[in-house]
Amino acid sequence: MELLEKTLITSHVVTAIISLLAGLSSAFIGKKGEKLHRQVGRIYFWCMFWVFISAMLIISLIRFNSFLMVIAVFSFYMAFSGYRVIKIKKTMKAAPIDWIAAVITMGFGLVMIGMGVNYLIESDFSSILGYLCLFFGYFTTQTGRLSIKGFKNLASAEKMWWWFAHMNAMAGSLIASITAFLVQNGEIFKVPSEMSWILWVLPAFVGSPIISYWSRKYRAQFKSQSV
């Protein structure tokens, strides 16, 4: 068991670092859609795949943590949906695996919301973990729900729907990766324990407006090209 634990943790850390570097690189290296961008994107996705698998194994077999389990599901689902949308674009039909993954993700999000409510009630609404559960539970549930809604409305989707779906999902996955890095290395930043929750939410608060900016920019660009 000790060898298994070391192997899983080491491989998890290595692939997490590679995925973080690949994710940051893909945002700046190569024009979107070109070969280099796709290659770096594949590296990111498959590293995220192992980060997810190794995290689930560590959580399930070595150190169980229901909160981190939901975070692992959420972060990988973002990468998975961003990867799959390129496939869906070709057929304009979501495969069973897409529906199943979205439903499972939404389910994990609802479980996390329930955990948050429970933590808050037990702590007389003073549990930071409870509020974090509500925060991430909401986004996890919403991510799965919006995916399902998108699958149902593919026939009436805007022309470049896949572009925005891919960009938003991959960017969201990268934000989750950065969050994991900050939280796991919090001592480097010397953040007081009572303020550690900031590391959990800072990437989302910084990254979300950036994603919104790029979405508006590309939407305006595509609109002007179609005129």
Side-chain angles (χ1 to χ4, degrees), residues 19 22-23 26-27 32-33 37-38 40-53 55-56 69-116 133-177 179 203-204 207-223 225-226:
S19 67
S26 66
K32 303 296 183 290
H37 180 77
R38 294 197 303 271
V40 175
R42 289 192 189 97
I43 293 173
Y44 175 75
F45 173 77
W46 288 110
C47 282
M48 283 297 292
F49 173 77
W50 182 249
V51 168
F52 168 68
I53 296 298
M56 296 301 281
M69 180 178 286
V70 179
I71 296 298
V73 170
F74 170 70
S75 60
F76 176 68
Y77 179 73
M78 296 295 284
F80 173 81
S81 61
Y83 180 82
R84 283 292 304 169
V85 76
I86 303 301
K87 308 290 184 182
I88 298 174
K89 167 196 169 187
K90 299 176 182 178
T91 62
M92 289 302 289
K93 183 179 180 181
I97 190 174
D98 300 306
W99 288 91
I100 294 171
V103 170
I104 290 175
T105 299
M106 188 167 66
F108 269 90
L110 292 172
V111 168
M112 180 171 273
I113 290 175
M115 288 165 49
C133 283
L134 292 182
F135 179 80
F136 285 101
Y138 168 78
F139 281 106
T140 303
T141 304
Q142 187 74 343
T143 297
R145 188 188 72 82
L146 290 177
S147 291
I148 292 172
K149 181 180 179 181
F151 298 157
K152 293 179 178 179
N153 298 305
L154 283 174
S156 58
E158 62 180 318
K159 183 179 179 181
M160 299 298 291
W161 67 271
W162 59 271
W163 176 285
F164 298 107
H166 175 75
M167 180 180 69
N168 291 338
M170 286 302 194
S173 176
L174 180 58
I175 288 175
S177 297
T179 301
S208 295
I210 295 175
I211 295 175
S212 297
Y213 166 77
W214 282 105
S215 293
R216 291 194 301 270
K217 179 179 179 180
Y218 280 116
R219 185 163 274 109
Q221 178 180 320
F222 294 142
K223 184 177 181 180
Q225 290 175 351
S226 63

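Counting begins at 1 with the first residue of the sequence.
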### Task
Check the angle between the aromatic planes of F74 and F136 and answer parallel, tilted or perpendicular using the 30° and 60° thresholds.
perpendicular

### Query
Any idea which heavy atoms bring M167 and S215 closest together, and the distance?
CE-OG, 3.3 Å

### Where L134 and I113 come nearest, the two heavy atoms and their spacing
CD2-O, 3.6 Å

#### Entry: Distance, nearest 0.5 Å, that separates OG1 of T140 from CE of M78
9.0 Å

### Query
Does any non-hydrogen side-chain atom of I88 lie less than 4.5 Å from one of K93?
no

### Query
So do the side chains of I175 and I211 get within less than 4.5 Å of each other, counting heavy atoms only?
yes

### Task
Show the numbers, then the answer: is there a side-chain contact (heavy atoms from CB on, under 4.5 Å) between M56 and M69?
CA-CA 7 Å; M56 296 301 281; M69 180 178 286; 3.7 Å; yes

### Message
Using side-chain contact (heavy atoms from CB on, under 4.5 Å), reason through H166 and I86 one step at a time and then give a plain yes or no.
### Response
CA-CA 7 Å; H166 175 75; I86 303 301; 3.9 Å; yes

### Task
Show your working on side-chain contact (heavy atoms from CB on, under 4.5 Å) between W162 and K90 and close with a plain yes or no.
CA-CA 10 Å; W162 59 271; K90 299 176 182 178; over 6 Å; no

### Task
Measure across A102 and I148 and return the closest heavy-atom pair with its distance rounded to 0.1 Å.
CB-CG1, 3.7 Å

### Task
Might you work through the side-chain contact (heavy atoms from CB on, under 4.5 Å) test for M112 and T141, ending with a clear yes or no?
CA-CA 9 Å; M112 180 171 273; T141 304; over 6 Å; no

### Query
Do F76 and I53 touch side chain to side chain, with heavy atoms closer than 4.5 Å?
no

### Query
Of W161, W163, Y213, which meets ring pair (Phe, Tyr, Trp, His ring centres under 6.0 Å) against Y218?
W163

### Min side-chain heavy-atom separation F222-K217 under 4.5 Å
no

### Query
Among pairs that include at least one residue of residues 72-88, which meet side-chain hydrogen bond (donor to acceptor under 3.5 Å, both in side chains), considering only residues two or more places apart or in two chains?
Y77-S147, R84-D98

### Flag side-chain contact, heavy atom, 4.5 Å: M170 against Y44
yes

### Query
Between S173 and M48, what is the shortest heavy-atom contact and its length?
OG-CE, 3.6 Å

### Message
To the closest 0.5 Å, what do you measure between CZ (R42) and NE2 (H37)?
### Response
10.5 Å

### Message
Rounded at 0.5 Å granularity, tell me how far NZ in K159 sits from NZ in K223.
### Response
14.5 Å

### Message
Can you confirm whether R219 sits close enough to F164 that some side-chain heavy atom of one is under 4.5 Å from a side-chain heavy atom of the other?
### Response
yes

### Task
Looking only at non-hydrogen atoms, find the nearest pair between A204 and F135 and report the distance.
CB-CZ, 4.1 Å

### Task
Looking only at non-hydrogen atoms, find the nearest pair between A101 and F80 and report the distance.
CB-CE2, 3.6 Å

#### Entry: Gap between atom CG of L146 and atom CZ of F151 - 0.5 Å precision
10.5 Å

